[in-house]
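Working notes for the structure below.
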Amino acid sequence: MFTPLIPFEPISRDHIPNGSNWIAQVKWDGVRMLAYEDGNELRLINRRLHDRTVQYPELVSDRNLCSVPSYILDGEVIALDPETGKPSFYHVLRRDRMSKPDGIAQAMYRIPVTYMVFDILYCDGKWVTDQPLAERQRLLHRVLNPGSHVQEVTNTPDAASLLTVMRQHQMEGIVCKDLTSTYAINGKDQRWQKVKIMHDLYAMIGGVTYRSGIVNAIAVGVYDGPHFVYIGHVGTGKLNSATWRKLTEQVEPLIQEERPFHNVPERSSETTWIKPQIGVKVQYMELTQHRTLRHPSIQAFAEVSREDCLASQLTIEV
């Protein structure tokens with residue numbers, strides 16, 4: 001069996017690259033997964049080198065991902081939200097974290113997955129990582145066996161239009177790839193670039209956590225009718241140490257015993273409650289199934305009122 005490897009990663013960009021050598025693909029909101037078949041067994045291993053073969057029996061039971069006896073494929077395992085029909089990181093993560101055979105067997109029908117394949121690294125006894133992406137994609141198209149649980153990711157030369165469609169459908173974003181690029185194992189450079197679709201909102205701070213006496217994260221909320229609703233803890237963003245110290249001083253007179261949020265926040269036991277009087281602009285990717293912000297980051301503090309911090313800003317209603 002092959003020694004598992006760390007896949008090639010794209011770098012983040014705010015703009016789309018220019019040039020006829022670039023193509024764009026949907027950035028699937030799934031779990032990065034490499035498939036290793038040596039002719040005797042098929043293994044699925046994620047980007048952190050954790051074996052996930054047991055978690056996805058529908059992908060490995062027939063061992064027929066490709067028409068050749070040995071290969072290494074790169075792609076993402078995705079699961080669709082049954083209500084929206086869109087890829088859901090929440091649902092695929094439920095599958096990925098399962099370990100009990102009975103639960104996995106039932107989940108195959110409740111949370112079906114698809115392996116979205118976008119690259120091939122090894123084919124029929126030969127490494128192809130030194131070939132340009134265009135050649136690898138042609139090879140992948142010849143040997144991949146598409147089916148109900150396996151699909152080939154398609155290209156488009158029009159990245160701008162694809163990004164527009166992704167915004168309209170509130171998807172994660174796109175990945176732009178240089179067709180001349182070789183595959184850099186355990187690499188990350190500008191030959192592959194991801195453009196994520198992020199959202200902004202205004203919220204109020206209703207709680208803080210401390211590290212060594214200095215605020216290191218904030219609990220934020222928005223107003224849904226008469227209720228102040230918790231939507232997440234945020235500890236990253238465009239703040240330096242001096243700003244955190246200043247915030248620590250600002251919240252001191254606002255500390256209160258009573259929880260200001262209508263719902264019960266995560267990490268409540270370690271959160272100090274404050275009166276919601278400090279506004280903040282937060283960037284986030286999406287609202288999770290638990291109605292909290294995914295990948296939130298602090299952009300700036302803002303002079304805003306309750307009317308500026310409404311739940312209607314969210315891409316999914318609270």
Exercise. Measure from NZ or CZ of R294 to the centre of the six-membered ring of F89, then state whether that distance is under 6.0 Å and the direction lies within 45° of the axis.
Key: yes

Practice problem: For D158 and T156, test the side chains for any donor-to-acceptor distance below 3.5 angstrom and give the result as yes or no. | Solution: no

Self-check item: Side chains of N155 and Q25 in contact at under 4.5 Å (non-hydrogen atoms)
Solution: yes

Self-check item: Basic-acidic side-chain contact under 4.0 Å: K177, D119
Solution: no

Self-check item: Donor-acceptor contact present, side-chain E37 to main-chain Y71, <3.5 Å
Solution: no

Quiz item: Got a salt bridge between E249 and K246, using NZ or NE/NH1/NH2 to carboxylate O under 4.0 Å?
Solution: no

Taking only distance into account, with no hydrogens and no angle test, what donor-acceptor pairs under 3.5 Å do side-chain atoms of residues 103-113 form with protein atoms, sequence neighbours excluded?
none

Exercise. Could you tell me whether H149 atom NE2 has more than 12 heavy atoms of other residues or ligands within 6.0 Å of it?
Key: yes

Quiz item: Within a strict 4.5 Å, meaning less than it, do heavy atoms of the V54 and S99 side chains meet?
Solution: no

Quiz item: Taking only residues two or more places apart in sequence, or in another chain, which ones meet K194 in a salt bridge (Lys or Arg N to Asp or Glu O under 4.0 Å)?
Solution: none

Exercise. Taking R63 for its side chain and G39 for its backbone only, find out whether a donor-acceptor pair lies under 3.5 Å.
Key: yes

Quiz item: For E266, what residues pass the salt bridge (Lys or Arg N to Asp or Glu O under 4.0 Å) criterion, not counting sequence neighbours?
Solution: none

Quiz item: Would you call K86-E286 a salt bridge at under 4.0 Å N-O?
Solution: no

Practice problem: State, without any angle test, whether T209 and N216 hold a side-chain donor-acceptor pair at a distance under 3.5 Å. | Solution: yes

Quiz prompt | Greater than 12 external heavy atoms within 6.0 Å of E41's CD | solution = yes

Self-check item: Pairing of R191 and D189 as salt bridge, 4.0 angstrom limit
Solution: yes

Quiz item: Going by atom types only, do T154 and E152 share a side-chain donor-acceptor pair under 3.5 Å?
Solution: no

Exercise. If the plane angle is over 60° it's perpendicular, under 30° parallel, otherwise tilted; pick one for F228 and F261.
Key: parallel

